[in-house]
4 protein chains.
Amino acid sequence: MRSAKANRTYQKIIDASMRLFNKKGYYGTSISDIAQATHLTKGAIYFHFKNKDSLLKEILNEYERTFLDQLLGEVQDLRVGAMEKIKRMLRFTLNFPLRHRDLCLCLTILSAELYGSEPKYEQDLRRIYRKYHKFVAALIGEGKEEGSVREDIDPDLAALTIIDAHEGNLIQWMMNMKRFKGKDFAKSFMAFLLNAIRR
Amino acid sequence: MRSAKANRTYQKIIDASMRLFNKKGYYGTSISDIAQATHLTKGAIYFHFKNKDSLLKEILNEYERTFLDQLLGEVQDLRVGAMEKIKRMLRFTLNFPLRHRDLCLCLTILSAELYGSEPKYEQDLRRIYRKYHKFVAALIGEGKEEGSVREDIDPDLAALTIIDAHEGNLIQWMMNMKRFKGKDFAKSFMAFLLNAIRR
Amino acid sequence: MRSAKANRTYQKIIDASMRLFNKKGYYGTSISDIAQATHLTKGAIYFHFKNKDSLLKEILNEYERTFLDQLLGEVQDLRVGAMEKIKRMLRFTLNFPLRHRDLCLCLTILSAELYGSEPKYEQDLRRIYRKYHKFVAALIGEGKEEGSVREDIDPDLAALTIIDAHEGNLIQWMMNMKRFKGKDFAKSFMAFLLNAIRR
Amino acid sequence: MRSAKANRTYQKIIDASMRLFNKKGYYGTSISDIAQATHLTKGAIYFHFKNKDSLLKEILNEYERTFLDQLLGEVQDLRVGAMEKIKRMLRFTLNFPLRHRDLCLCLTILSAELYGSEPKYEQDLRRIYRKYHKFVAALIGEGKEEGSVREDIDPDLAALTIIDAHEGNLIQWMMNMKRFKGKDFAKSFMAFLLNAIRR
DNA sequence: AATGAATGAGAATTCATTCAT
DNA sequence: AATGAATGAATTCTCATTCAT
């Protein structure tokens, strides 16, 4: 059982790392950078994390816990129609970056930077995306059966497209942060997607 | 005026760099890697490129020339309706990665990896995206005037969404290359976007 | 506050650097050379010094502290005549290289090698020489007022000449180390200079 | 027999090299720098000079020819008293840098930078200085016999001191170029030296 | 007489990681 | 729980030199 102090330090390191990974990328961020940002020494960081990799994996885990598992928990077992679930899913997905900006950008950036680079990261990333994709595709499938989603939509490909769009959205949002407000962005985006699939 | 031999070597370096940046990211790729991949020495790379930065900038330039300028050239002055232009724009955009896979992925990866990291790249990236965005937004605007695009669509945000989606699409495509064919992906994606905006 | 161990290592690096700079010049000496000479790794050198430049600057500082400030401290406020001060100044100056051989040669070599090359060093070198020159010129001025120094001597130019002579002396001493003893050299040199200015 | 054009290029390279060695030192100057300064390619430089070493040696030779041999030729066989010869020697020596600034500084800088660094340069430098020293010492010896030079002067050490002073003088002159005029400098210096040895 | 492409060794510097304290 | 010193391998980049043309 870790002490409260240790826990605080641990989270401080995670938070600083996310911010730095967003700003400078994974390879662009050194342990020294993280040490400086947390007012700790490099040694201290190695006390809390086995190595740079494990820092990354913890961030991926945090994403899975706070985004994916949360999303599934909130939507999956609702006793409402499929289209309503889809709307809630989109709302959750689009609101998430507003509350967890760093975590969210971090995942997007890391997937672009690390995907393909080394199998050790690939596996984790793939697992997360598969889980996400499977869930979205299932919802769209339900929608088709229910008749609220257009017939010519392939659930697999549509799910992929929605996730893609959301990913790219984050990248563009990051690049245009000063020009558009997150709320407007999210609203326009949601309407856009609903138009696309709704019968 | 560069000699034919120099030109060949130059392009060989650019090509290998794109492939490597895609696979391992910009920071993850060393000049040594590029030297090995091209069967040249590190010194030879530095004969053709001032430094690693300029290698990157040349790739960005190449993207601007082969994708953006080409797209603008082909679509802008057509004597057809706005919706037809939008369709051609989407077709060009979606076909492009099939013919220029490395260049295209490279841009996506680099924008995610480098954006925000260092102002020197930011400027170039921003310039390219602005140009792209301005063009797409103008087309959608034309479509609204013409009456072929839904009235509740904001051209600026919709353009952004289309570009986003396309970006994210590439990331996902990269991660799912083995599961879906590029052609199917593109087709599904195009239908999706047209549904979203068409009146 | 640096630990005792760090201080020892720090000084070991400074000492080795001076010896190597004397033997091979600043540009001729690599960090690898210094690492080998100190039985440390290159990384360890960079732990103690930001870069090669700062190593150099520390040596210049050390010269200022151990030679110039010491000299000023010992001579400036003596309650004796100007000519006596001049003699003591010369004695101090001429004895200094016998006790601080490396430091002294190092300064001479670095000034010849680096002067004009890069403004970053120029500033420091100039500061040190100005301070030295100002002090010597003042002493000679006092001597003139006192009547013990020839009237046709211009303090500024004479000070410069004395400093020059001393500098050149070191270069030649270095080149003739085996032929002349430092003591004889210094003695002859002192007589020479006194003859030159004494009324 | 080299063509006129080749000779011109050759000299252009030598001149540029001297200027650059003065400004950035021997190790600080690259063949690329020289190529740029001469508007030639590196290859062209290697056509005229075997390597960087031989460039240096040619400069040392030029110094020996234009300074030393000239000085000996002008003074050695004069049918005048020793003190007069000494005066002429000093005048020649002190005027030389005014007419051959680059060559002169070059020698000083190279001796400081290279002496001790590598035997191959040491030899040449030592030869030149020995020849110079031998000549000056002989003159002072003659002066003593003639009775115009103080009895307590040791010719060997005095010669060394004069050469030293002149060397250091150049370094200081270089560092103070803007503050003192060469002419004044030389005059003050000559008076200084004559005072020192004259009976 | 000169160019331009390329080599290969070595330079400065960074950085993940270790470990005694 | 954390520090500070050190390692060693990798990285970007420079540079003297070569050689076919």
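Not measured: the values here are computed from a predicted model. Labels below follow one simple rule: chain letters A, B, ... track the order of the sequence lines, proteins then strands, and each chain is numbered from 1.
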- Query: I31(C) CD1 to dC13(F) C1': how many Å, rounded?
  - Reply: 15 Å
- Does T9(A) put a side-chain nitrogen or oxygen below 4.0 Å from OP1 or OP2 of dA2(F)? yes
- Should I31(C) and Y46(C) count as side-chain neighbours, where that means a heavy-atom distance under 4.5 Å? yes
- Query: Taking atom P of dA1(E) as reference, at what distance in whole Å does atom CZ of R8(D) sit?
  - Reply: 11 Å
- Query: For dC15(E), which nucleotide is its Watson-Crick or G-U wobble mate, given both distances must be under 3.5 Å?
  - Reply: dG8(F)
Restricting both atoms to N or O, compile the protein contacts to nucleotides 18-21 of chain E shorter than 3.5 Å, with distance only.
none

- Item | S17(D) versus I59(D), closest heavy-atom pair with distance | CB-CD1, 4.1 Å
- Message: Nearest whole Å is fine: how far is dA1(E) P from I45(D) CD1?
- Response: 16 Å
- Message: One pair to check against side chain to side chain contact (heavy atoms under 4.5 Å, CB included): I13(B) and F49(B). What are the steps and the verdict?
- Response: CA-CA 9 Å; I13(B) 295 171; F49(B) 296 87; 3.5 Å; yes
- Message: Starting the side chain at C-beta, find the nucleotide from dC13(F), dT13(E), dA16(F) nearest to K52(B).
- Response: dC13(F)
- Please list, by residue number, the residues of residues 33-41 of chain B whose heavy atoms come closer than 4.0 Å to an atom of DNA chain F; answer none if no residue qualifies. none
- Task: Could you tell me the separation between the OH atom of Y10(B) and the C1' atom of dG4(E), rounded to a whole number of Å?
- Result: 17 Å
- Query: Of the candidate nucleotides dT17(E), dA2(E), dC15(F), which contains the atom at the shortest distance from the side chain of A44(D)?
  - Reply: dA2(E)
- Listed once per pair and sorted, the side chain to side chain donor-acceptor pair (under 3.5 Å) pairs that draw on residues 52-64 of chain A, sequence neighbours left out: Y10(A)-E58(A), Y26(A)-D53(A), D53(A)-K120(A), D53(A)-Y121(A), E64(A)-R127(A), E64(A)-K131(A)
- At under 4.0 Å, does any side-chain N or O of K5(C) touch on OP1 or OP2 of dA5(F)? no
- Task: Counting Watson-Crick and G-U wobble pairs only, both distances under 3.5 Å, name the nucleotide matched with dA1(E), or none.
- Result: none
- Go through the steps to decide whether D102(B) and D15(B) satisfy the test side chain to side chain contact (heavy atoms under 4.5 Å, CB included), and finish with yes or no. CA-CA 8 Å; D102(B) 287 330; D15(B) 290 345; over 6 Å; no
- Could you check how far CG of N7(B) sits from P of dG4(E), rounded to whole Å? 14 Å
- Message: What is the distance, to the nearest angstrom, from the CZ atom on F49(C) to the P atom on dA12(E)?
- Response: 15 Å
- Message: Does dT14(E) have its OP1 or OP2 closer than 4.0 Å to a side-chain nitrogen or oxygen of S32(A)?
- Response: no
- Round to a whole Å and report the spacing from CG of D53(D) to C1' of dT17(F). 12 Å
- Whichever of N51(C) and F47(D) has its nearest DNA chain E nucleotide further upstream toward 5': F47(D)
- Query: Looking at the side chain of A6(B), which of dA5(E), dA5(F), dA2(F) is the nearest nucleotide?
  - Reply: dA5(E)
- Verify the contact: side-chain N or O of H48(D) to OP1 or OP2 of dA2(E), cut-off strictly under 4.0 Å; return yes or no. yes
- Between L103(D) and T66(D), the two heavy atoms sitting closest are CD2-OG1, 3.2 Å
- Message: Set out, in order, the CA-CA distance, both residues' side-chain angles and the distance that settles side chain to side chain contact (heavy atoms under 4.5 Å, CB included) for Y129(A) and L107(A), then state yes or no.
- Response: CA-CA 11 Å; Y129(A) 278 112; L107(A) 193 89; 3.7 Å; yes
- Rounded to whole angstroms, how far apart are CG on L56(D) and P on dA16(F)? 13 Å
- Show your working on side chain to side chain donor-acceptor pair (under 3.5 Å) between Q11(D) and N7(D) and close with a plain yes or no. CA-CA 6 Å; Q11(D) 195 60 38; N7(D) 269 332; over 6 Å; no
- Message: When you measure from the side chain of T38(C) to the backbone of K12(C), do you find a donor-acceptor pair of N or O atoms at a distance under 3.5 Å?
- Response: no
- Message: Which heavy atom of N22(D) sits nearest to which heavy atom of I109(D), and what is that distance?
- Response: O-CD1, 3.5 Å
